[in-house]
Amino acid sequence: MTTLVFLEHHGDEILKTSLGVLSKAAEVGGQVEGVLVGSGVEPLASSAGKFGASTVLVADDPRLEAALPQPRVDVLAALVRDRGHENVLLAQSILGADVAAGLAARLEAGLNWQLTDVLTRDGELVGRQPALSDSVVCEVGWTETPRLALFRAGALDPVASGGEARVERVEPELEDFSLTAEMVEQAHEESEGPSIEDADVIVAGGRGLGGPENFTLVEDLAKALGGAVAATRAVVDAGWYPYQTQVGQTGKTVSPKLYIACGISGAIQHKVGMQASNVIVSINKDPNAPIFEYSDLGVVGDVHAIVPKLTELVRARRGG
Amino acid sequence: MKIAVCVKQVPDTPAKRMNRQTNRLDRSGEGALNPFDTQAVEEALRLKEAEGPGEVVLVSMGPPTAGDAMRKALAMGADRAILITDEAAAGSDLVATSRALAAALERESPDLVLFGQYAADSEGAVLWAAVAERLRRPMISQVAELTVDNGSVTGRRQTEFGYDVIRAPLPAVVAVSDAINEPRYPSLKGIMGAKRKPQDTLSLGDLGLEAAQAGEQGSRTTVLALHDPPPRGESRTIEDDGGAADEIVEFLAEKRLL
């Protein structure tokens with residue numbers, strides 16, 4: 001079995017989600033190649049060997065600088081055609097999803113998304129796909145090769161197993177229409193201090209807090225628990241809290257041991273960023289909030305009353 | 001400007017079910033317009049209102065009853081609706097669905113094609129990229145602010161890393177984020193008027209497609225089996241009667257998280 005893994009990068013790092021997919025591909029077995037697409041990205045390539053790539057194919061071209069999907073479809077399609085990869089695996093992200101679907105149409109190939117795992121059975125690939133708000137788990141397959149798959153962020157952890165990867169340059173041939181969309185502006189807020197992605201405990205605040213001044217409730221509880229503070233898109237959009245704390249489909253994907261959601265309704269945009277947390281506790285005044293469907297402990301009540309009391313109790317307990 | 005909005009009918013129930021015989025989604029109950037699509041419709045209407053003369057055309061693929069879901073978007077103000085409906089198209093996956101939608105869009109040749117962020121039933125958020133590829137048009141996804149100016153479209157969006165502004169020449173394909181607007185409610189006049197708006201249906205043959213290019217035959221993915229999800233452990237929801245903070249602490253202690 002030959003597998004190509006799309007290695008998404010940001011700045012001078014290959015994303016952890018992509019390395020997780022690469023490790024899974026190595027575990028499934030066969031020949032595993034990675035592909036890195038961008039401008040000035042060649043120095044990142046060999047590090048992917050550690051996570052299971054025997055070869056990393058590098059398309060390094062100034063026209064590939066912006067993280068736009070369509071030129072990446074050109075690069076991947078040419079590789080799959082020339083080298084005959086049977087599987088193409090990607091981490092699900094805004095870029096990864098757009099690349100995968102464009103590639104599916106280009107190659108007339110099957111794409112399964114939101115996978116949390118994949119295995120081989122009788123030489124065929126079988127994917128595990130939680131569906132319908134995780135109320136059912138589908139075993140999904142492909143009727144032909146190449147098989148395309150997107151893996152849920154946070155579902156797969158990188159496992160260091162290999163050594164150096166061989167790096168091979170490939171010359172991209174780009175379609176005219178692929179280059180017509182252009183990135184005119186990009187604003188990336190680089191986070192300072194420890195990232196919420198590494199925190200064991202996260203206390204997150206949403207619109208239900210009522211106003212930016214009430215974020216102190218969340219901050220106090222996080223401090224008492226020795227955790228980090230996160231926020232939803234709604235409150236970041238409203239300017240209550242900085243972007244680098246945003247958890248969700250846009251923003252960070254986290255999987256702490258404990259996630260406490262305060263005044264968060266838990267719509268899909270937020271859920272995909274935190275559903276891999278070990279234990280989820282949520283407090284919301286709306287009994288119909290979707291977050292209760294995937295909380296281990298849900299509390300219907302007023303965050304303004306419960307959170308300060310909880311902070312006091314935690315402090316007392318931890319002797320703070 | 002002519003704007004096409006791709007919409008979908010989804011089962012109108014919070015607890016969607018799989019049909020355990022066919023391994024497909026149970027579509028037997030009432031249908032509704034995918035809520036994320038109403039934001040694409042809203043954005044199309046705002047663009048038309050701002051840009052002057054134009055047309056908003058809805059394009060969908062689904063069972064004949066999907067026409068009812070499209071009527072809600074007509075009531076919001078869309079001008080007409082096209083439904084691709086064909087028994088041979090049932091069970092179409094991404095490659096098959098994008099093929100049929102792209103064929104219908106080719107016939108309409110709109111300046112702009114809009115999609116909603118997410119399909120509430122299949123949990124897919126990728127169809128636009130496949131359609132853009134088939135149309136060989138530029139594509140911008142996750143757009144939270146959209147402007148059209150001088151033959152080009154500009155989208156501002158949030159990603160995992162911050163904010164992007166992307167521009168593309170028309171004709172183009174744009175998928176909007178659910179942060180882009182608050183969709184309007186249809187007025188009574190809109191609801192009455194929707195019944196008189198043109199709703200056309202197209203078969204696969206009308207689009208020049210063979211039956212084998214759609215449905216299960218035209219698809220490249222399959223659902224092999226369904227399982228119950230692993231239990232999340234004990235999951236419960238309590239109402240605060242003044243003692244919720246104590247209960248949370250007790251729960252955290254039990255889980256050895258304190």
Side-chain angles (χ1 to χ4, degrees), chain A residues 10 69-70 73 93-94 97-98 100-102 104-106 108-114 126 130-132 134 136-144 177 180-189 233 237 243 250-251 257-258 268-269 279 281 292 296-301 306 309-310 313-314 317, chain B residues 15-16 18 93-95 98 118 123-127 129-130 132-134 136-142 154 158-169 178-179 219-229 232-240 244-246 248-249 251-252 255 257-258:
Chain A
H10 179 66
Q70 290 171 307
V73 173
S93 65
I94 288 172
D98 285 349
R106 178 82 60 94
E108 301 291 352
L111 170 64
N112 283 308
W113 51 80
Q114 289 287 358
V126 177
L132 303 181
D134 296 355
V136 61
V137 179
C138 302
E139 270 185 24
V140 293
W142 293 259
T143 58
E144 281 177 29
F177 80 94
T180 52
E182 53 170 337
M183 187 74 72
V184 289
E185 209 181 301
Q186 225 165 2
H188 292 160
E189 299 175 33
R233 183 182 67 195
D237 272 351
Y243 180 75
T250 55
K257 293 196 179 104
L258 172 63
I268 186 71
Q269 137 76 23
V279 173
V281 175
F292 291 133
D296 299 280
L297 178 63
V299 178
V300 182
I306 297 168
K309 223 185 277 178
L310 179 58
L313 290 170
V314 170
R317 189 113 186 174
Chain B
K16 299 176 180 42
M18 299 294 281
D93 75 348
L94 175 72
V95 279
S98 62
Y118 182 82
E123 301 179 0
V126 294
L127 183 57
E133 165 66 29
R134 293 194 186 281
R136 299 176 64 83
R137 298 293 180 207
M139 178 266 302
I140 316 174
S141 64
Q142 301 289 343
T154 304
Q158 223 184 36
T159 71
E160 295 90 345
F161 312 108
Y163 298 88
D164 289 346
V165 179
I166 300 167
R167 184 168 53 214
D178 65 346
S219 295
R220 296 288 174 268
T221 55
T222 171
V223 178
L224 304 166
L226 301 174
H227 301 289
D228 290 324
R232 254 204 85 95
E234 184 201 4
S235 169
R236 62 200 163 103
T237 304
I238 57 170
E239 290 228 18
D240 181 26
D246 295 282
I248 295 172
V249 167
F251 173 81
L252 296 180
K255 297 271 176 194
L257 288 164
L258 279 183

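Order of the sequence lines fixes the chain letters, A, B, ..., with proteins taken first and strands second; residue numbering starts at 1 for each chain.
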In chain order, what residues pass the salt bridge (charged side-chain N to carboxylate O under 4.0 Å, His left out) check against B:Arg220, with sequence neighbours excluded? A:Glu144
Note: vs chain B, highest number of non-hydrogen pairs under 4.5 angstrom among A:Ala181, A:Gly141, A:Ser93, A:Cys138 is A:Gly141
Distance in Å, A:Glu185 CD paired with B:Arg167 CZ, rounded so as to fall on 0.5 Å steps: 10.5 Å
Start with the C-alpha gap between B:Asp228 and A:Val137, add the side-chain angles, then the distance that decides, and say whether side chain to side chain contact (heavy atoms under 4.5 Å, CB included) holds. CA-CA 6 Å; B:Asp228 290 324; A:Val137 179; over 6 Å; no
Mind listing the closest non-hydrogen atom pair of B:Ile166 and A:Val184 along with its distance? N-CG2, 4.3 Å
Quick one, A:Arg233 with B:Asp178, criterion side chain to side chain contact (heavy atoms under 4.5 Å, CB included). Give me CA distance, side-chain angles, the key distance, then yes/no. CA-CA 11 Å; A:Arg233 183 182 67 195; B:Asp178 65 346; 2.4 Å; yes
Nearest heavy-atom approach of A:Ala101 to B:Val126 is CB-O, 3.2 Å
With a 3.5 Å distance limit and no angle check, can you tell me whether A:Gln114 reaches the backbone of B:Glu123 through a side-chain donor-acceptor pair? no
What part of A:Ala109 lies closer than 4.5 angstrom to a heavy atom of chain B: side chain, backbone, both or neither? backbone
Please name the pair of heavy atoms, one in B:Ala244 and one in A:Val299, separated by the smallest distance, quoted to 0.1 Å. CB-CG1, 3.6 Å
Rounded to the nearest 0.5 Å, what separates atom CD1 in A:Ile306 from atom CD1 in B:Ile248? 6.0 Å
Rounded to the nearest 0.5 Å, what separation is found between the CG atom of A:Leu111 and the OG atom of B:Ser219? 12.0 Å
Which atoms of B:Leu252 approach chain A - backbone, side chain, both or neither, heavy atom under 4.5 Å: side chain
Side-chain touch B:Thr237/A:Leu297, heavy atoms, less than 4.5 angstrom: no
At a heavy-atom distance under 4.5 Å, which candidate from B:Val95, B:Val223, B:Thr159 has the highest pair count against chain A? B:Thr159
State, yes or no, whether a side-chain contact exists between B:Met18 and A:Leu132 at a heavy-atom distance under 4.5 Å. yes
Per-residue contact mode, A:Pro130 against chain B (heavy atom under 4.5 angstrom): backbone
If you take all heavy atoms of A:Ile94 and B:Gln158, which pair is closest and at what distance? CD1-O, 3.6 Å
Electrostatic pair B:Arg134-A:Glu108, nearest N-O below 4.0 angstrom: yes
Just wondering, do B:Glu133 and A:Val73 contact through their side chains at under 4.5 Å, heavy atoms? yes
Of B:Ser141, B:Ser98, B:Pro229, B:Ala125, the largest count of non-hydrogen pairs under 4.5 angstrom with chain A goes to B:Pro229
List the atom of B:Thr222, the atom of A:Trp142, and the distance in Å for their closest heavy-atom pair. CG2-N, 4.1 Å
Only pairs of heavy atoms separated by less than 4.5 Å count here; which of A:Val140, A:Asp98, A:Leu310 has the most with chain B? A:Asp98
Any non-hydrogen side-chain atom of B:Leu226 less than 4.5 Å from a side-chain atom of A:Glu139? no
B:Ile140, part contacting chain A, at a heavy-atom distance under 4.5 Å: neither
Listed by chain and number, what are the side chain to side chain donor-acceptor pair (under 3.5 Å) partners of B:Asp240, not counting sequence neighbours? none
Dump the intermediate steps for side chain to side chain contact (heavy atoms under 4.5 Å, CB included) on A:Gln186 and B:Val165, then the final yes or no. CA-CA 6 Å; A:Gln186 225 165 2; B:Val165 179; over 6 Å; no
Could you walk me through whether A:Asp296 and B:Ser235 pass side chain to side chain donor-acceptor pair (under 3.5 Å), step by step? CA-CA 4 Å; A:Asp296 299 280; B:Ser235 169; 5.9 Å; no
Best-contacting candidate, B:His227, B:Gln142, B:Arg137, against chain A by heavy atom pairs under 4.5 angstrom: B:His227
Quick one: does any side-chain atom of B:Tyr163 pair with a main-chain N or O of A:Ala187 as donor and acceptor, under 3.5 Å? no
To the nearest 0.5 Å, what is the distance between CD (A:Gln70) and CE (B:Met139)? 4.5 Å
Which atoms form the tightest heavy-atom contact between A:Val279 and B:Lys255, and what is the distance? CG2-CD, 4.2 Å
